[in-house]
Amino acid sequence: MRNTIENELNEGPMIRRLRPSDMDAVVKLDSKIFGRRRERYFETKLKMALADTGIEVSLAAEKDEIFVGFLLARVYYGEFGIAEKVAVLDTLDVHPDFRGSGVGRALMRQLRLHLQALQINVLQTEVSWDNQDLLRFFNGQGFELAPRLCLDLDLRTPVPEPEVD
Ligand SMILES: CC(C)(COP(=O)(O)OP(=O)(O)OC[C@H]1O[C@@H](n2cnc3c(N)ncnc32)[C@H](O)[C@@H]1OP(=O)(O)O)[C@@H](O)C(=O)NCCC(=O)NCCS
């Protein structure tokens, strides 16, 4: 609440939790960046983000009641062999007309406050290496290169046969 008031006084965006009813706004905003509507993709993502163990860490940003940005994040509690609680930032989008006015920063700030309150110490994300805007933004936010490698396997390639002597 205090942050909301601070932001409004600074003419920053109002940050609130993302709601299932934001689905349309999310899809519309994403289509501006991605080039086409991805309803199915976001239906699943939004369901996962909003249902996860009842902890909502996905956020929306509004300016004068206009939906100007959002982020989708999830919290993992020692799943998949991970000992520590970690949060994963899945998507961050700011409306092109509202970039450079502190919306991304305000979303990240609120996310960090929520995660700190949940005593989560690590936030992970993945970025396409050619998304320079996002890479620079994340660099400014303090993200560092993770000591992990992401691997993809094209399943249309032939399955390697075992070698016979
Ligand atoms: C990257 C993005 C989130 C930044 O949001 P924004 O609201 O424009 O950023 P802000 O105005 O809050 O800027 C915050 C800081 O980041 C810096 N920054 C933002 N965009 C930057 C860029 N492209 N290059 C360098 N720095 C940048 C700002 O200079 C500012 O720095 P400061 O805190 O030192 O003043 C936004 O441009 C975006 O949504 N891009 C598309 C993201 C995308 O491709 N999403 C889909 C995959 S998840």
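Just follow the structure's listing: the first ligand is 1, and inside any ligand the first atom is 1.
Considering only non-hydrogen atoms, atom 19 (C) of ligand 1 lies nearest to F137 out of F70, F98, F137. Of the candidates D133, L89, N131, it is D133 that places a heavy atom closest to atom 21 (C) of ligand 1. When R136, R99, K32 are ranked by how near their heavy atoms come to atom 24 (N) of ligand 1, first place goes to R136.
The protein reaches atom 46 (C) of ligand 1 closely, with a heavy atom under 4.0 angstrom from it. Under the 4.0 angstrom criterion, atom 29 (O) of ligand 1 counts as lacking any protein heavy-atom contact.
Interatomic distance, CZ of R16 versus CD of Q110, reported as 12.5 Å (0.5 Å rounding).
Enclosure of atom CD in E126 is not indicated, since only 12 or fewer non-hydrogen atoms of other residues, nucleotides or ligands lie within 6.0 angstrom. The local environment of CZ in R38 is crowded, with over 12 non-hydrogen atoms from other residues, nucleotides or ligands closer than 6.0 Å. Environment of CD in E65: sparse, with no more than 12 heavy atoms of neighbouring residues, nucleotides or ligands closer than 6.0 Å.
The N/O atoms of I33, backbone and side chain alike, include none that comes under 3.5 Å of an N/O atom in ligand 1. Taking only nitrogen or oxygen atoms, main chain and side chain alike, L92 reaches within less than 3.5 Å of ligand 1.
Atom numbering of ligand 1 starts at 1 in the shown order; those under 4.0 Å from a heavy atom of T91 are 48 (S).
Judged by distance alone, the side chain of T125 and the main-chain N or O of L89 form a donor-acceptor pair under 3.5 Å.
Nearest non-hydrogen protein atom to atom 11 (O) of ligand 1 is G102 N, 2.8 Å.
The closest approach between G140 and ligand 1 stays at or above 4.0 Å for every heavy atom of the residue.
Nearest heavy-atom pair, W129 versus L135, reported as atom, atom and distance to 0.1 Å: O-CD1, 3.3 Å.
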